[in-house]
Undergrad: 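Got a structure for you, written out below as structure tokens; questions coming shortly.
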Amino acid sequence: MLFLSHSGYNYSKRRCERIVNWFISRYLPRHKVFIHVDHIGLLREGVFGWAWATDSDSRPREFEIEIHNQLDPENYTKTLLHELMHVYQHVEGSLKDKHGKRLWKGIDSSELDYDDQPWEKEAHQMEDILYKKYISCNAL
């Protein structure tokens, strides 16, 4: 079950809802998750988006996603799917934050550079696959 909220400015509410509902219904249909998507300017941070758990390190079910509000529909969709992949990694337990450490499949990976982080590699790889699946079911 999905509880979705969103806020911000300069974004399509319908697009946000369609993407999140599509992803959760296919990849986390049996989980109760709360997701808030905040659309803000992230130009200064130099990122398109990020996601984190807001409730629990051991069994997270509440998540915040911030996404850059100046993205074209394709990049918006890919970025949101990328961040939802991180939600999936947390819910399924492959990515965990415990005692100030970031664990990937039980191995402390806190000190890895961004380009070497396996959860980022997986999310980057999956964003194109998910995007193709999503657009085959939905029009942007």
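Not measured: the values here are computed from a predicted model.
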Undergrad: For T54 and F63, run side chain to side chain contact (heavy atoms under 4.5 Å, CB included): C-alpha distance rounded to whole Å, both residues' side-chain angles, the deciding distance at 0.1 Å, then the answer.
TA: CA-CA 5 Å; T54 60; F63 300 90; 5.9 Å; no
Undergrad: Nearest 0.5 Å please: distance from the NE2 atom of H39 over to the CG atom of L80.
TA: 6.5 Å
Undergrad: Strictly below 4.0 Å, N to O, side chains only: are E17 and K13 in salt-bridge contact?
TA: no
Undergrad: Within the 4.5 Å heavy-atom criterion, are H68 and Y76 side-chain neighbours or not?
TA: no
Undergrad: Do M85 and V47 land in one hydrophobic cluster if side-chain heavy atoms of ILVMFWY residues count as linked below 4.5 Å?
TA: no
Undergrad: Find out if a path of hydrophobic residues (ILVMFWY) with successive side-chain heavy-atom gaps under 4.5 Å connects L84 to Y11.
TA: no
Undergrad: Which heavy-atom pair separates A53 from S56 by the least distance, and what is that distance?
TA: CB-O, 4.2 Å
Undergrad: If the condition is salt bridge (Lys or Arg N to Asp or Glu O under 4.0 Å), which residues does D55 pass it with, not counting sequence neighbours?
TA: none
Undergrad: Would you compute the distance between atom CH2 of W52 and atom CD of E64 and round it to the nearest 0.5 angstrom?
TA: 4.5 Å
Undergrad: What distance do I67 atom CD1 and N69 atom CG have between them, rounded to the nearest 0.5 Å?
TA: 9.5 Å
Undergrad: Keeping S109 on the side-chain end and I107 on the backbone end, is there a donor-acceptor pair under 3.5 Å?
TA: yes
Undergrad: When you compare the side chain of K32 with that of F3, does any pair of heavy atoms fall below 4.5 Å?
TA: yes
Undergrad: Rounded to the nearest 0.5 Å, what's the gap from OG1 on T79 to CD1 on I19? Could you check?
TA: 9.5 Å
Undergrad: Less than 4.5 Å apart, any side-chain heavy atom of L71 and any of F48?
TA: yes
Undergrad: If you compare all heavy atoms of T77 against all heavy atoms of R15, which two are closest, and at what distance to 0.1 Å?
TA: OG1-CD, 4.2 Å
Undergrad: Taking the side chain as everything from C-beta on, heavy atoms only, tell me whether I65 gets closer than 4.5 Å to D38.
TA: no
Undergrad: So do E122 and Y88 actually touch side chain to side chain, heavy atoms under 4.5 Å?
TA: no
Undergrad: Taking side chain to side chain contact (heavy atoms under 4.5 Å, CB included) as the test, write out the residues that go with E120, two or more places apart.
TA: H82, H86, Y114, Q117, H124
Undergrad: Test of understanding: clusters of I, L, V, M, F, W, Y form through side-chain heavy atoms closer than 4.5 Å, transitively. Do L4 and V87 belong to the same one?
TA: yes
Undergrad: Flag yes if more than 12 heavy atoms outside R59 fall under 6.0 Å of its CZ atom; otherwise flag no.
TA: no
Undergrad: If you compare all heavy atoms of E83 against all heavy atoms of A51, which two are closest, and at what distance to 0.1 Å?
TA: OE1-N, 3.2 Å
Undergrad: Would you say L28 and F34 are hydrophobically clustered, going by side-chain heavy atoms of ILVMFWY under 4.5 Å?
TA: no
Undergrad: Taking side chain as C-beta onward, heavy atoms only, is P118 less than 4.5 Å from L112?
TA: yes
Undergrad: Measuring from atom NZ of K101 to atom CD of E111, what distance do you get when rounded to the nearest 0.5 angstrom?
TA: 9.0 Å
Undergrad: Is a side-chain donor or acceptor of D72 paired with a backbone partner of N75 at a separation under 3.5 angstrom?
TA: yes
Undergrad: Could you verify whether a donor N or O on one side chain and an acceptor N or O on the other, from Q89 and W119, lie under 3.5 Å apart?
TA: no
Undergrad: Linking I/L/V/M/F/W/Y whenever any side-chain heavy atoms sit under 4.5 Å apart, do Y27 and I129 land together?
TA: yes
Undergrad: Between V33 and E62, is there a side-chain heavy-atom distance shorter than 4.5 Å?
TA: no
Undergrad: Return the CG to OH distance between L81 and Y131, rounded to the nearest 0.5 Å.
TA: 9.5 Å
Undergrad: Heavy atoms, side chains only, cut-off 4.5 Å: are L2 and I35 in contact?
TA: yes
Undergrad: Closest approach of Y9 and G41, non-hydrogen atoms and distance?
TA: OH-N, 3.7 Å
Undergrad: Counting N and O atoms only, with roles assigned by atom type, does the side chain of S110 sit under 3.5 Å from a partner on the main chain of R102, one being a donor and the other an acceptor?
TA: yes
Undergrad: Dump the intermediate steps for side chain to side chain contact (heavy atoms under 4.5 Å, CB included) on H36 and S7, then the final yes or no.
TA: CA-CA 8 Å; H36 179 75; S7 61; 2.9 Å; yes
Undergrad: Sequence neighbours left out, what passes side chain to side chain contact (heavy atoms under 4.5 Å, CB included) with D115? Give chain and number order.
TA: none
Undergrad: List the atom of H31, the atom of V91, and the distance in Å for their closest heavy-atom pair.
TA: CD2-CG1, 3.4 Å
